[in-house]
Amino acid sequence: MELLPPFELLRPTTVEQALAWRLENPNSRLLGGGTDLIVNLRRGIGEAPQALIDLNQIDEMTVIAGDGAALRIGASVKLAALAAHPLVRAHYPGLAQAAASVAAATQRNMATVGGNLCLDTRCIFYNQSEWWRASNDYCLKYGGSKCHVAPKSKVCYATFSGDLAPALLVLEGEVEIIGRGGRRTAPLAELYSRDGRDYLSLAREEFVCSVTARAAPGLRAAYDKIRVRRAIEFPLAGVAVALARDGDKLGALRVAVTGTNPWPVLLEETAALCGGGVDEALLQRFDALLKAQLMAMKTTFTSGHYRRRAATVLARRLVRRLFDGGYMGETR
Amino acid sequence: MATEVKELKWIGKRPIRPDGVDKVTGRAKFGADLTLPGMLVGKVLRSPHAHARIKSIDTTKARALAGVKAVVTSADLPELASEWVPAGELQINFRDLSSNILARQKVFYDGHAVAAVAATSAALAKQALALIEVDYEVLPHVIDVVAAMQPEAPLLHDDLFTEGVTPTPETPSNIAKRVEFARGDLEAGFAQADAVVERDYTTKPVHQGYIEPHAVVASTSEDGQSEVWCSTQGQFSVRFYIAKLLSMEISQIRVTPSEIGGGFGGKTTVYLEPLAVLLSRQTGRPVKMVMTRAEVFRATGPTSGAALSVKIGATKDGTVTAAEATLRYQAGAFPGSPVQPGAMCAFAPYAFETFKVVGYDVVVNRPKVAAYRAPGSPIAAFGVESALDELAKRLEIDPLALREKNAAREGTHAAYGPRYGPIGFVETLQAVREHPHYQAPLGPNQGRGIASGFWFNIGGESCAMLNVAEDGTVVVVSGNPDIGGSRASLAMMAAEVLGIDFERVRIIVGDTSTIGYTFLTGGSRVTFATGMAVVQAAEDVVRQLRERAAKVWEISADAVIWEDGQAHPAGANAGEFEPLSLRDIAAEAGKTGGPICGNASLNAQGAGPGFGTHICDVEVDKETGRVTILRYTAVQDAGRAVHPSYVEGQLQGGAAQGIGWALNEEYVYDEDGRLQNPGFLDYRVPVASDLPMIEAVIVEVPNPNHPYGVRGVGEVPIVPPMAAVANAIENAIGVRMCDLPMSPPRLLAAIDNGG
C-alpha cells in the first residue's frame, strides 16, 4: 500500500462548526466513508490536504426521515443503513436497490450518501498511482494539460460513477447545501457541472448536508446496473427509471444514467415519449434519446460504446418491466 | 512401500486445521508483520518504459538526502554466468534472475527494477527514489507473442539464439527455444479422419493474484551472517538464490518463512529478498521491503499469454486418428515460459497414437513469467479441450463419450513419454456421467460444457523431524510453507502412524536452520513427498518406542508391537506385560536412552499423475454479453484424500481462478507498453458474487507409491475451467469463443458477428 500523507483530522459535531473549519482550512477535504478519498490520497491524487473534516459526527446529517410521499436523507447516512431502511425499502425501492448495489458490504458499511453523491469522477488516466501518472505526463483532470481520452479536448471527460444520483434524480431529488450564506437547496441535477475536472457546482467551502426524494402515488421506480464483476466494482452503466401508467399508456417517464458522462445524466425530452403504449417503436425512439445524450468516451477499461449500449439495454428492460409491473432484479 | 490395508483412524477425516485459529483471528504473522529495532525501509525504483537502454544512473542526490542510508544498483550485484537450475516446476537462470532483480544495461518492461534505497522512513525512501536520475534511451518494444516472433520485431536480447533447432540460427531472435513431442505419421492419421477440427486460440497472461504482496525483512550482522524473514513458498530456494546472487555461503544465510497469504507458484522465485540482504549488508541495519499492489502487478508473475493452433481429427466412432498443436508462449522479459510442460500436458489425458506438439518460448517486453498452478497446462488445455468439444459436435457424439473413447488408462504410453501406472482419468469421466449435474435440465440461453485436465505432480527432496515431548505429545517439523492445508494433512499422517490423537500432534514450519533441506511448496508435492518423510520419521519414532518398551520389559525389540498408540508384548511374551503408551514411554525416556526424536530425509519418486474433469453450466445474456456461471462441478482423482475438506478447497480454488482466467482477467497495456490496470479494481479476479457454490467430487484411485495412496491435488483443478466455460457458452448460444477472456464486450462482439 502507498503511504498516506500526513494531515490533521477534524471532527465537527455541528454543520456550523464544520463550515467554520472549512473556511479556516481552505486546503481541506471532506471525509465521508473515505472509501474513495483515502485510496486517492494514498495515490497522490489531488493536492495533499492540510486537514480532513470528518462529517460523520454531525447528528442531523445521520438521519433518515419522511414518509411515503417525501424523504430526507442526511448526507452522512451510511449506504448500508439506507439500503436496509424499512421506509426506503417500502416506498423508494429504486433508491434501496441503488444503495445495495454499491461496491461490496465492507464499503457500504463505511460509505455515505453525501460521499456517493459527490464521488470524484473517474478515468483510466486519473485513477492511477503517482509514478504512472508521472510517466504519462499527468492529465487534464489533475497535474497536466492534456486529456488522453480526447487529446484535442479542453474539457475533462472523467466519468461520474455514483449509483445514488440517478436513483434520486428520477425521484426529483434536491440537495441541501451549507455555505457561507447559510443553507440553500437546489435540484440535485444542479449539483453537477458538466466538466469531469470540476465536476461539482459547489463553492469552495460548500458541502451537501442532506438530500430529498419524492414519491407519488402510482409512480414505479427501479435501479439496475451492469458491471463486469458483481461486487467491488464501479458501474459500467447504471440506470434509474421512474414511470407512471395512465391506463395502458405511459403517463410519466424519468430516466437517469450513471457511468457514461462526467455527470449523472437526467435524460431530457422523455415527456415526448409519454401518451402512448410501450412498444418497439417507442423503445426505438427511447434508444435514440439515450444514444444522443450518453457519451461513449474511453475513460474505463470497457469501451464507451459498450457502456452506452449496455445502458440502453438496461433502460429498455427497466421501462418494459416497470410498465408491466414485473419484478425488478439486477441484470446478471 | 505400501503398508497393508487396515482401518485408518485419521486419514480421510476432517479435523480442524492447526493454523486455522491464528488465521481467522488475525494472529498469524505474515511477511510484512515483523518489525525489528533500528529497522530501515527499502524501496525500489522501477522503469517507466517497456524497453530502454540505461545510459546512466545518478544516485548522488538520493544519497545526499538525510535519512537515506544506502542506494544500490545492478553495479552492486556480482555478474553471473548463464546457468539454469530447477526452480519448482520451471527453471531459473541466475544471470537473468540477477538482471530481473536490478536491470543491467537495459530495462525490458514497465516496472523493471532499476535501483533500490534504504532509508529511515517510508516517506524518505519514497523521496529518495524521486531523486535518482536515470537517463534512458527508449527503444521500440513488443508485447504480443506472435509479433515478437517476426523477424522484424524489436529484439530484446542480442545474444539470444533459438535453442532446439538445428542448425542453431546465426541471427538472434526473440524465440528462445523450440520444443517438440511427436509420435506416428501425422499426415496418414489426418487422412484416416472423418472429421477434422482446426482452430487458433489465444490466452491472456494472468496473475497468480495472491492477496499478500511480496514482503521481506533482512538483517545482516557485521560478521556477514544474514537472517531473512519473508513470504515464500520455499525458504530453502530463497536461501540458495540469495547465496548465488550475492556470492555468499549458504550456511551464512538463515531464511524463515512467514505465514503465506497465497502463492500459487508466484512465490517460488525472488524479487526483493536479495535486495533487502544487500541493503542490510551495506547499512548494518535490518531492512524491510514490502511491495505495493501496483508493483506486484507490474513486476511479478504472471503466467504466459499465448497463441495456439490446434488440429484434431477422428473417425466417425470418435477414435482420434491424429492431433497436432503449436504453442507459442510469452516468457516475459527473459527466457523460461512454461511451454515445455504445456507441450507435455497438451495431449496427456488421451491415448492418441499419432500426434505432434511444437512449442515456442518467446521473450516479450512484459514481466518475466513465474510459475502459476500447473504452469503451461491450462493454456494448452484451453485449445485442446475446446477443439475436442467442437469435434464431438461435428461427429454428433456426446463430448463425454468422445473423451471416454480416447482416455488414457493404466498402461497407456503417455504422449510425453512414460507409461502410466494406475491413474484415475476414466474414473473422473465415469463420475461425471453418474453425477446428477450432468443430466440436469437447462433453460433458454443456458448451456453446459465439460473439459478435462492433467498435471504431472512432483515428488522431490524432503526432510521431516518428529520430537516426542516429555508428556508424550509430539512436535512435527516440516520444511514446507503451508499454502493449502498441509500442516493438517502432515500432522494427520503422523497421528495415524503413531496411533495417537491428532490433537496431540503439533506441527510447525521450520526455518532453513532448524530442518534439513526441503524442496519448495510447489508441484502439488507436499502431502505426497513431505508426507512420505513425515510417515518415515513417525515410523522411526515407533521403532524407538518399541526398543524403549523392550528395554523396560527386558525382552527383544522384535517381540514388541506398536498398536493404537501403545507398545504391546507379542509372540511368546503376549499378555505378559501391561501395554505402555506413548505417554508412559515418553515420561521415562531419560532413563531408557534419552529423548526420542525421529528423522527422515528422502527424495520422493513416483508422484501419481492427476486428472480432473469439470462440468460448467452458464447462462448468457445475449444483449449485454454477460456470462453467469450457474452451476459448477469439479471432479478429480486425489489418489487418497488425507483431509477431504482441503482437497475440496483446492478443487474449488482452482476452479475459481480458472473461471477468472476464462471470463475477465487480463492485463491492459497502452501503446507505450505501460500497464494500465495494475490493481485489483481493474484486474478483475472473480469475487464471491461471481461464483456459484463449486461442488467438489473426489475420486480415489490410490497412488501405489505413497503409503496412503496420495496424489498431488493442488494444480489439476485450474486446468479444465477455461475450456469448460467456452464449451458451455457454445452450447448455450452457438458462439465458439477462441480468445480469452470471454468478457462481456468481447462476447457481445462475437454475438454481433454471428459467432
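Note that the coordinates shown come from a computational prediction; the quantities given were computed from them, not determined experimentally. Here is how names work: the chains are called A, B, and so on, in the same order as the sequence lines, proteins then strands, and each is numbered from 1.
- Across every non-hydrogen atom of A:V228 and B:R626, the tightest pair is O-NH2, 3.2 Å.
- Judged by distance alone, the side chain of A:R309 and the main-chain N or O of B:E623 form no donor-acceptor pair under 3.5 Å.
- Most heavy-atom pairs under 4.5 Å with chain A, from the set B:S689, B:A130, B:P213: that is B:S689.
- Residue contact with chain A, scored on non-hydrogen atoms closer than 4.5 Å, involves the side chain of B:V668 exclusively.
- Heavy-atom distances place the side chain of B:A294, and not its backbone, under 4.5 Å from chain A.
- No more than 12 heavy-atom neighbours from other residues, nucleotides or ligands sit within 6.0 angstrom of CZ on A:R89.
- Atom CZ of A:R316 sits in a crowded spot, with more than 12 heavy atoms from other residues, nucleotides or ligands closer than 6.0 Å.
- Here the closest heavy-atom approach between residue A:Q128 and residue B:P678 is recorded as OE1-CD, 3.8 Å.
- In this structure, the portion of A:V313 lying under 4.5 Å from any heavy atom of chain B is its side chain and not its backbone.
- Using a 4.5 Å heavy-atom threshold, the side chains of B:T624 and A:Y306 count as touching.
- Residue A:N127 does not touch chain B at all, counting heavy-atom pairs closer than 4.5 Å.
- Summarising the local packing, CD of B:E137 is surrounded by more than 12 heavy atoms from other residues, nucleotides or ligands at distances under 6.0 Å.
- Within a 6.0 Å radius of NZ in B:K126, more than 12 heavy atoms belonging to other residues, nucleotides or ligands are found.
- Residue B:N677 holds its CG atom at 11.5 Å from OG1 of A:T300, rounded to the nearest 0.5 Å.
- Residues A:F301 and B:Q676 form a side-chain contact, since some pair of their non-hydrogen atoms from C-beta on lies under 4.5 Å apart.
- Defined by atom type and a distance below 3.5 Å, a donor-acceptor pair is missing between the side-chain atoms of A:R229 and B:N664.
- In terms of heavy-atom pairs under 4.5 angstrom with chain A, the leader among B:P744, B:G625, B:P48 is B:P744.
- Interface residue A:I124: only side-chain heavy atoms are found under 4.5 Å from chain B.
- Within 6.0 Å of CD on B:E671 lie no more than 12 heavy atoms contributed by other residues, nucleotides or ligands.
- Counting non-hydrogen atoms of neighbouring residues, nucleotides and ligands closer than 6.0 angstrom, the NZ atom of A:K298 exceeds 12 such neighbours.
- Side-chain atoms of B:R684 never come within 3.5 Å of backbone atoms of A:E233 as a donor-acceptor pair (strictly under, hydrogens ignored).
- At a 4.5 Å heavy-atom cutoff, the contact between A:E2 and chain B is made by backbone and side-chain atoms alike.
- Using a 4.5 Å cut-off between heavy atoms, B:L675 touches chain A through its backbone atoms (N, CA, C, O) alone.
- Judged by the 6.0 Å distance and 45° axis criteria, B:R298 is not positioned over the aromatic ring of A:W132.
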